[in-house]
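The next block holds one structure in the form of structure tokens; read it before the comments.
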Amino acid sequence: MSAGHMSHVPVLLAEVLEALSPRAGAHYIDGTFGGGGYARAILQAANCKVLGIDRDPDAVARGAKLAANYNGRLSVLEGNFSEMDQLFAQTGERKSDGVVLDLGVSSFQFDQAERGFSFREDGPLDMRMSKSGPSAADIVNTADEKTLTKIIGDLGEERFARRVARAIVAARPLARTRELAEVVEKALGPAAARQPIHPATRTFQALRIHVNDELGELERGLTAAERVLKTGGRLAVVAFHSLEDRIVKRFLSERSSAAPRASRHAPDSAPKHTATFHLLSSRPRMPGDAEIQHNPRARSARLRAAERTAAAA
Ligand SMILES: C[S@@+](CC[C@H](N)C(=O)[O-])C[C@H]1O[C@@H](n2cnc3c(N)ncnc32)[C@H](O)[C@@H]1O
């Protein structure tokens, strides 16, 4: 797809807006600005401000153009959402009314073969959202078989991770996405080729998550949101696979557990844990059939949302 035709359809947009409930005068953080789909909708919903953050310089350049239409209500900064509190401080404010994270890659990134995220089109084995640091090619060409097995098994949930890792080591150096896809396809054999998802899907997911330290970023991003949100501020996170959703679910259930835990060694001392969030609903929101039909990328999306309490982070 040529860059001129690309766009990104925001996932669970109505549900995210409902969770954030944008208000006039409030200041929100969109930690995964991407194509600006959420940011635009938030700015349209109320006379508020948005700080957009993205680690991809292309997304930030798009954001800078969009910001020109919003009279100072939209600013966009390059960086990781794990640093959202420091980035937000650059806007001159300390506490935000709402944070939204829409995890993973955007269609802008995925559909551009040169970024190396897709096995369907040939491109360099890159996969770096920030366009800096070690690329997917660096990992597949230098990591030992044991490390590759662990990455592909843990982050791709690939049952035959060892077989794939061994095939990669035997075939390297690998430079292109198609080359890697073919190596994986061959290693997994005809049974995998008959499955509904492409045999290379899990290996590509694993490498992408590893290259961008996506799970580490998510863990740190959630605690950064906890620090930056004011009392009553809302957190909304859209996850696309079970590894991400598990982290969000665990964080929110831990932080929203109301029962204060007194210390076993000093039962009369002050409670050790006070809930910093309360859940807006106990179950995640998922897209309906109509949204999935219109936007297949939404298929696996799960939104979890919570409101910040007054307890210290
Ligand atoms: C799914 S897209 C967001 C799409 C956006 N909600 C929209 O409606 O256009 C995810 C974006 O977040 C960015 N991103 C992913 N992880 C990030 C992180 N840890 N810090 C900053 N940006 C990140 C990616 O570069 C990508 O542009």
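Position 1 is the first residue of the sequence; numbering continues from there. Values below: every heavy atom of this structure, side chains too, minus hydrogens, waters and symmetry copies. Atoms within a ligand are numbered from 1 in the order they appear, just like the ligands themselves. Note that the structure is a prediction, hence the values are computed from the model and not measured.
Judged by distance alone, with hydrogens and angles left aside, the side-chain atoms of His8 form no donor-acceptor pair with the main-chain N or O of Gly35 at under 3.5 Å. With hydrogens and angles disregarded, no donor-acceptor distance shorter than 3.5 Å links the side chain of Thr201 to the backbone of Ile197.
There is a path of hydrophobic side-chain contacts, each under 4.5 Å, that joins Leu218 to Met127.
Arg94 has no carboxylate O lying under 4.0 Å from a charged side-chain N of Asp85, or vice versa, which leaves the two without a salt bridge. Asp56 has no carboxylate O lying under 4.0 Å from a charged side-chain N of Arg62, or vice versa, which leaves the two without a salt bridge.
Listed by chain and residue number, the protein contacts of ligand 1 are His8, Pro10, Gly31, Thr32, Phe33, Gly34, Gly35, Gly36, Gly37, Tyr38, Asp54, Arg55, Asp56, Gly79, Asn80, Phe81, Asp102, Leu103, Gly104, Val105, Ser106, Gln109, Met129, Glu217 (heavy atom within 4.0 angstrom).
Under a cut-off of 6.0 angstrom, the local environment of NZ in Lys186 is sparse, with at most 12 non-hydrogen atoms contributed by other residues, nucleotides or ligands.
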